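Data first, discussion second: the structure below is written as structure tokens.
These values consider heavy atoms only, across backbone and side chains, with no hydrogens, waters or symmetry-generated copies. What you see is a predicted model, and the numbers here were worked out from it, not measured in a lab.
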Amino acid sequence: MAFFSHQVCRGFSSSAVRNVVIKHVTIIGGGQMGAGIAQVAASTGHSVTLVDTNEDILKKAVKGIEGNLKRVVKKKFADKPEAGEEFIQKALQNVSTSTDAGSVVRDSDLVLEAIVENLKIKQDLFGGLDKLAPAHTIFASNTSSLPITDIASSTNRLDRFGGLHFFNPVPVMKLVEVIATSATSQETFDSLLNFSKKLGKTSVSCKDTPGFIVNRLLLPYIMEVIRMYERGDGSKEDIDIAMKLGCGYPMGPFELADYVGLDTVKFIMDGWSAANPDNPVFAQSELLTKLVAEGKLGKKTGEGFYKYK
């Protein structure tokens with residue numbers, strides 16, 4: 001994924017830059033997560049450049065942002081249609097698109113990636129952009145499972161690198177996990193916390209551990225209920241009902257796994273299992289492996305633990 005241009009490279013100071021106020025944001029990745037983050041940032045007055053390698057993806061993303069903004073307006077500006085229209089136009093004016101990250105990061109306070117969960121691709125991306133972005137620019141990843149430290153290792157700005165893990169759908173979900181590595185400066189971390197607050201999100205501070213907080217608890221929980229089902233301790237229907245009614249969860253674990261995507265669950269657990277082979281919490285599941293191999297990935301394919309056709 002050639003998200004950046006190799007034509008122009010320039011050096012920069014490696015000294016920490018204090019009190020960065022994030023106004024100009026470059027978001028790499030025009031998929032659902034990237035577009036969602038762009039929408040929220042633009043709606044809160046930030047200048048946003050959404051980057052992808054494909055113009056069609058970018059056009060689809062902007063169209064989706066506009067549609068989502070119209071839905072927001074119906075709820076928030078039901079009695080003030082003119083104010084609602086002004087809100088939409090201001091947000092859309094804050095969004096621009098590009099297929100060349102290298103040309104736009106020079107004006108960015110924050111570069112946030114929301115691309116495929118592949119360590120090498122992320123490292124290559126940031127390694128290239130590191131040579132082009134100004135000294136004050138903060139880099140961040142929206143990864144849900146990969147170590148921020150490993151991603152940041154491809155750059156020379158370890159003190160200006162952190163994690164911003166948003167949740168899907170971004171405009172609806174209130175939480176952002178803000179992740180600091182052992183090298184992230186306090187100034188960088190404070191800037192990321194302040195940025196999250198300006199987006200109207202509630203942030204929690206996380207160390208750079210597998211899955212941070214939410215996924216570190218959620219994925220082993222899902223895996224354990226799959227093992228319960230494999231052992232015959234309960235049907236998937238009864239387990240889902242028990243967790244919804246007994247714990248007040250809006251979705252049962254099997255419903256949630258299907259919503260997340262069984263391939264996503266397996267991908268994350270495979271990585272954690274490889275890195276922690278002696279930890280039983282990260283043990284594999286034969287049933288999950290079988291469903292993924294059969295292409296039964298959950299709601300997006302019409303069948304996972306449940307059928308949706």
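Here the side chains of R106 and L132 are in contact, with some heavy-atom distance below 4.5 Å. Between V178 and V204, the closest side-chain pair of non-hydrogen atoms is not below 4.5 Å. Looking only at side-chain heavy atoms (C-beta outward), E85 and P81 stay at 4.5 Å or farther from each other. No side-chain heavy atom of E230 sits less than 4.5 Å from a side-chain heavy atom of L288.
Looking at T137, its side chain never comes within 3.5 Å of a backbone N or O of A133 through a donor-acceptor pair. In this structure, the side chain of D109 engages the main chain of H24 through a donor-acceptor pair within 3.5 Å. Within the 3.5 Å criterion, the main-chain N or O of E86 finds no donor-acceptor partner in the side chain of Q89.
Contact between I115 and K122 at its shortest, heavy atoms only, is O-NZ, 3.4 Å.
Under a 4.0 Å N-O distance rule, the pair K120/D124 qualifies as a salt bridge. Using a 4.0 Å cut-off between a side-chain N of Lys or Arg and a carboxylate O of Asp or Glu, K244 and E255 qualify as a salt bridge. Using a 4.0 Å cut-off between charged side-chain N and carboxylate O, K290 and E294 make a salt bridge. Between R227 and D233, none of the side-chain N atoms (NZ, or NE/NH1/NH2) sits under 4.0 Å from a carboxylate O, so this pair counts as no salt bridge. Checked for salt-bridge contact, E224 and R231 meet the test: a charged N lies under 4.0 Å from a carboxylate O.
F139 carries R157 over the face of its six-membered ring, with the cationic atom under 6.0 Å from the centre and within 45° of the normal.
Ring geometry, F167 versus H165: the interplanar angle falls from 30° to 60°, so the pair is classed tilted.
Through direct or indirect side-chain contacts shorter than 4.5 Å among Ile, Leu, Val, Met, Phe, Trp and Tyr, F77 is connected to I65, L69, V72, V73, F87, I88, L92.
A search for salt bridge (Lys or Arg N to Asp or Glu O under 4.0 Å) contacts involving D107 returns nothing, not counting sequence neighbours.
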